[in-house]
Structures are given as C-alpha cells and as structure tokens.
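Here's the structure we're looking at; comments come further down.
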Amino acid sequence: MNIPIPHIQPLSETAILLKWEPKIDTLFHQQMLYLGTLLEIEWADFLLECIPSYHTLTLIFSTEKDIINRLNYVEESIKNFISLPVKMEEIELKKNPVEIPVNYGGVYGPDLINLSKLKQLSVSTLIELHTEPIYYVYMIGFIGGFPYLGGLNHLLHTPRRGTPRTHVPAGSVGIGGEQTGIYPFAAPGGWNIIGNTSFRLFDAEKSPYATLKAGDRVRFTCEEVFV
Amino acid sequence: MIEVINAGIYSSLQGQSRQIGLNNGIARGGVIDQKALALAHCILQSTTDLVGIEFVRSKVVLRILQPVTVVFAGGGIDWYNANGEQLRYLKKWYLEKDEMLYGRPSKRGFRSYLFTKRGFKCQSFAGSKSTDLKMKLGGIQRLLVNGDILFPELDDMEAEQTKKWFLGHHYNEYMYSDKIRVFEGPESSWLPKDLLNNILSSTWFINSNSDRMGLRLKMENDSFDSDYPISNMYSSTVLPGTVQLTPSGPIILMADAHTAGGYPRILQVCQVDLPILAQKAAGELIQFKLISWEMALKLKQDERNKLGRLRNTIQNFI
C-alpha cells in the first residue's frame with residue numbers, strides 16, 4: 001500500500017486513534033479504508049468498530065482489558081498490512097454512484113435564490129454545478145446517516161448562514177462552507193438550503209441503518225426546479 | 001404501570017449506552033451517570049440490560065398503578081411517599097398500587113434515576129432501549145410528558161424482600177467531588193504549553209446551556225481568552241468525555257454528543273469520572289487533574305473489580 005505508518009495514540013480507555021497527516025484525498029482515503037477492513041478482520045474477536053474520518057481511523061475495542069498489549073500489536077499489524085503489495089484495482093470501489101434526486105428551490109430550497117444573487121450565477125447554472133460532480137463519502141457522522149461529501153465545486157463554496165435556522169426539514173440538501181450534504185433528520189442548522197430529497201439516508205428498520213458509508217460515491221440529480 | 005402526573009423538566013427513558021453505531025452516526029446515548037446505573041444493577045441483581053427513567057433536578061410526581069419494586073440512584077431529587085417519609089437512594093422499595101411518589105429538587109447531585117428490575121416496555125434501537133432524543137428512536141422516542149403511562153417489565157418476584165438492607169451514602173460520595181481526572185487528547189499538543197496549563201489549573205463553571213450533549217464550561221466572569229491561533233481541523237471521531245476547545249471555550253461532550261467534530265480534542269475525561277459530571281448542575285464548578293492514559297485504565301479496572309465484588313456480596317447476602 002502506498003500510505004505511511006500513522007501516528008497511533010489512545011482516544012479513550014477503549015479506543016485507539018490512527019492519525020495520518022491532514023488531507024482530503026480519495027486515493028489515500030480508499031487505502032486507509034482498506035487497511036481498516038483488514039484490521040477489522042484480523043481483530044474480529046475484540047474490535048467492535050473501525051470508524052474512518054478524512055484522515056484518521058478510530059478503533060473501538062469491546063473492553064479496556066489488555067488494551068496496552070493491543071496497542072503494541074496494532075503497530076505491528078499496521079506495518080505488516082501497509083507493506084503488502086496491493087493493486088489499486090483491488091481497493092477501488094467499483095460501484096456506480098448512488099443517485100440522489102433533488103427538488104431544487106421554492107419551499108424545498110429557500111436559500112437558492114439568495115445564493116444565485118450572491119454568486120452572480122443563474123439558478124440553472126447553480127444546479128448544473130451541484131449536479132455535475134460525482135461526490136465521495138469520506139465518513140458518516142455528526143448524526144445518524146449524515147454523509148460528509150467531498151468534491152463540491154469551489155464556485156459553490158458558501159459560508160454558513162449568520163443566523164442558523166431553528167428547524168431545517170429532514171431531506172434538506174445544503175451547502176456549508178466547502179461541504180455539501182443532506183440533513184437525515186430535522187435539526188437546527190446553519191447551512192444554505194438549496195433543495196430537498198426524499199432519499200432516505202437513515203432507516204431504523206434496515207441493517208445497516210445508514211444508507212451510505214465511507215467510500216461510497218454519490219451524485220445529485222435534478223427532479224424539478226421550483227422558482 | 002406507572003402514571004406520570006408531573007414529568008419534571010427533562011425526563012426520558014435511559015439505560016445502557018450503545019456499543020456500536022458510530023459508523024452509522026448514532027450517538028452513544030444512555031444514562032449520563034453510568035455509576036448510578038451500575039449500582040442499581042447490583043442492587044436489583046438484574047440480568048437484563050436496565051432501562052429506567054432519568055430525571056434532572058426538578059419537581060416530579062408519579063402514581064403507581066401496579067405493584068413494582070424500584071431503586072432510586074444518582075441524586076438531584078429527594079423522593080417522598082404520601083406520608084412524607086423519604087425513600088432513600090440505593091435501596092429496593094416495594095411500591096403498592098395507588099402509592100404516590102413525590103420528587104423534590106435537591107442540591108445534592110443533579111440527575112436522579114428510577115430503575116425497576118427488568119426495565120420498561122419500550123422501543124429497542126441499535127441494541128439499547130435508551131431514548132435518542134435527536135433521532136426520536138428508542139425508549140418512547142421523546143421526553144416524558146404529563147399523562148404518560150409507563151409499563152415496567154414485571155418480575156415474578158416483585159414482593160421478595162426478606163432482608164431489609166441498602167447501600168450506604170458513601171456510594172454516592174462521588175457527586176460531591178469537583179476534581180475531574182483527564183488525560184491528553186489527540187490535539188493537546190496543538191496548544192501552547194501555557195494555554196494548556198491555564199486550562200488545567202483553572203476553575204471552570206458549568207454553563208447554563210449544558211445538556212445531555214455536552215457540558216459547556218466558562219471561567220469566572222467569562223474571563224477565558226479564546227483568541228488564540230488554533231488551526232481548524234477536518235472533522236474526526238469524538239466520544240463521550242472528549243473535551244473540545246471551541247471559540248466559546250471548552251465543551252465536555254456527553255452521551256448524546258454528535259459522533260464527529262471539527263474542534264481540537266485537547267483532553268479526554270477518564271470514564272470513572274464521567275458520573276461526577278453527570279451530577280453537576282449549571283453554576284457548579286470543576287477543576288481538571290491531568291493523569292496518564294495508563295492511570296485511567298487502572299482506575300477503570302479497579303472500578304470494574306469493585307462493582308463485581310459488590311454484586312457478589314449482594315448476591316450472597318440476599
């Protein structure tokens with residue numbers, strides 16, 4: 001694998017953090033995810049979960065017993081796995097991007113017109129810029145099912161609203177800073193809301209509960225525009 | 001059956017935290033005071049995961065509609081029956097039909113728990129019956145309100161109490177401590193040394209906007225200077241006990257915290273001291289004490305062994 005040895009340190013009594021240099025890079029991320037999968041298999045007896053973020057993996061153990069010994073083994077394991085020759089074709093996830101249909105503007109996207117004025121771009125251009133890329137899911141976190149998506153066109157980067165809304169409906173598609181994402185649940189929020197989707201990011205009746213996971217790819221499609 | 005006549009300020013069904021689910025963005029959840037849960041578990045000799053009612057310091061009134069054995073754990077509320085007799089903590093109480101329970105706010109502690117031997121009938125989600133209030137899953141999927149009827153899972157041996165005993169007050173002594181032991185977090189080295197030392201040596205007050213998601217800290221007279229150059233970081237995993245340094249000061253994340261955050265993780269509260277924080281109200285003060293991760297592990301092991309011995313002692317005694 002073409003990734004360096006991470007910095008290894010405890011996060012809690014039952015969690016160990018593997019930390020790499022900060023970066024947002026899909027090629028690195030996919031190798032990091034692959035390493036996580038290998039560790040999950042190797043440590044299946046006592047590793048409950050391996051949680052990825054942009055450039056870290058958090059190993060959650062079932063108990064704090066023997067965790068000091070485990071800390072030593074973790075470093076050995078990682079060195080061994082990283083030194084394995086792996087072809088990128090084996091790691092790269094070949095799935096087609098998940099399509100997320102969005103109703104843009106109107107009551108679904110109350111900030112779309114403002115954004116158009118702010119960016120001096122037409123609404124249709126904004127929607128094109130939003131639907132053109134294939135986004136990469138770096139992690140699920142914050143709240144159930146929420147995907148951190150990478151790949152937003154820099155022309156659409158917009159600071160969060162000065163005053164967050166006390167209620168953003170579930171399914172809202174928004175832009176916050178350099179990120180775009182979808183609110184799986186109604187929540188207060190400061191993102192600029194440009195549309196809404198009926199795509200369910202979280203289903204308590206299904207397993208796994210979150211529809212998306214780290215490493216997935218996503219693309220937004222335009223259902224209808226309401227202006 | 002238990003009727004909720006006066007639900008109190010922020011009551012919900014809570015029990016074990018969720019062991020997995022971070023990959024789905026599911027918060028750990030569960031009772032804020034894990035020690036209260038563990039002690040009640042010992043007393044009740046429960047074999048199933050306990051879910052009970054978590055109250056915060058407020059007035060509460062409950063009516064018992066069907067006989068049930070309960071244990072109170074934690075603090076923050078003094079419990080009385082209709083005769084004005086106080087029902088002490090950490091003791092099994094067999095309650096008859098039509099008995100009333102009156103909860104009065106107490107300055108000793110902040111969160112009070114009512115547990116039954118086999119928990120309550122309610123929704124299970126991701127391995128626990130605890131209520132996730134953000135996602136409205138688990139428990140009864142919301143806070144308790146006046147008029148709710150709760151259904152304890154009943155035990156055949158409800159009336160069994162041949163020996164009268166209880167755990168002494170010293171089991172609740174933890175809530176009077178204000179020393180919170182912490183070890184260094186992943187980004188503690190980002191802080192200039194004197195800033196970290198300042199944080200570790202200062203007295204911190206629990207701010208009024210604290211809740212199940214986190215305790216926001218402030219200094220006396222709001223004098224903490226948060227104007228330091230600290231780089232932003234990409235969101236990473238956080239856990240209950242993680243101390244983040246935000247522009248408005250430190251926040252200690254608790255059970256219902258979001259599962260990822262972009263603020264530096266400067267400290268981690270050791271798990272055995274989280275129950276102390278669970279029993280702190282707004283305006284109360286704490287101080288941090290830096291220990292090693294190895295020490296935190298030892299404290300956890302010691303606590304686990306103590307609880308194991310307590311459980312065995314009780315088992316042999318009753």
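Within every chain, numbering begins at 1; the chains are lettered A, B, ... in the order of the sequence lines, protein sequences first and strands thereafter. Only heavy atoms go into these numbers, but all of them, side chains included; no hydrogens, no water, no symmetry mates.
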If we only count heavy atoms from C-beta on, is the B:L297 to A:P10 side-chain gap below 4.5 Å?
no

Taking atom OH of A:Y73 as the centre, does the number of heavy atoms from other residues, nucleotides or ligands within less than 6.0 Å exceed 12?
no

Less than 6.0 angstrom separating the ring centers of B:F125 and A:Y209, yes or no?
yes

As an exercise, state the distance from CG of A:L11 to OG of B:S236, rounded to the nearest 0.5 Å.
7.5 Å

Above 12 or not: heavy atoms from other molecules or residues under 6.0 Å from NZ of B:K134?
yes

State the CD-CG distance between B:Q268 and A:L17, to the nearest 0.5 angstrom.
11.0 Å

Which one of B:M135, B:K300, B:R265 has the most heavy-atom pairs closer than 4.5 Å to chain A?
B:M135

Can we say B:K298 and A:E64 salt-bridge, meaning some charged N sits less than 4.0 Å from an Asp/Glu carboxylate O?
no

Side-chain heavy-atom pair A:Y148, B:S235 within 4.5 angstrom cut-off
yes

When the 4.5 angstrom heavy-atom criterion is applied to A:P52 and chain B, the contacting part is both

Is B:W293 reaching over with its side chain to a backbone N or O of A:S12, donor-acceptor style, under 3.5 angstrom?
yes

Hey, can you tell me if B:H258 and A:F142 have their rings parallel, tilted or perpendicular (30° and 60° cut-offs)?
tilted

Please tell me if the side chains of B:L239 and A:E13 come closer than 4.5 Å, counting only heavy atoms from C-beta onward.
no

Check the surroundings of atom NZ in A:K23: do more than 12 heavy atoms from other residues, nucleotides or ligands lie under 6.0 Å from it?
yes

CZ (A:F146) and OG1 (B:T259) are apart, to the nearest 0.5 Å, by 10.0 Å

Which portion of A:A170 sits near chain B, non-hydrogen atoms under 4.5 angstrom
neither

Tell me, for A:K213 versus chain B, whether the close heavy atoms (under 4.5 Å) come from the side chain, the backbone, both or neither.
neither

Other residues, nucleotides, ligands: >12 heavy atoms within 6.0 Å of B:L196 CG:
yes

A:H55 versus B:Y234: any side-chain heavy-atom pair under 4.5 Å?
yes

Who among A:G141, A:S62, A:S207 has the most heavy-atom pairs with chain B under 4.5 Å?
A:G141

Strictly by modelled atom types, are A:S53 and B:T237 linked by a side-chain donor-acceptor pair under 3.5 Å?
no

Top contributor to chain A contacts, counting heavy-atom pairs under 4.5 Å, from B:A260, B:P186, B:A27
B:P186

With distance as the sole test, does A:E49 use its side chain to make a donor-acceptor pair with the main-chain N or O of B:L22 at under 3.5 Å?
yes

What are the two closest non-hydrogen atoms of A:P208 and B:N24, and how far apart are they?
CB-OD1, 3.7 Å

The reported gap from CD1 in A:I140 to CD1 in B:I26 (rounded to nearest 0.5 angstrom) is 11.0 Å

Would you mind telling me which of B:P240, B:G261, B:G21 has the largest number of heavy-atom pairs within less than 4.5 Å of chain A?
B:G21

Which bit of A:F185 is near chain B, if near means a heavy-atom gap under 4.5 Å: side chain, backbone, both or neither?
side chain

Heavy-atom pairs under 4.5 Å with chain A: which of B:E294, B:Q271, B:Q301 has the most?
B:Q271

Chain B contact via A:Y138 - side chain, backbone, both or neither, heavy atoms under 4.5 Å
neither

In terms of heavy-atom contacts, does CG of A:N72 have more than 12 from other residues, nucleotides or ligands at under 6.0 Å?
yes

Bottom line for B:A126: the part with an atom under 4.5 Å from chain A's heavy atoms is both

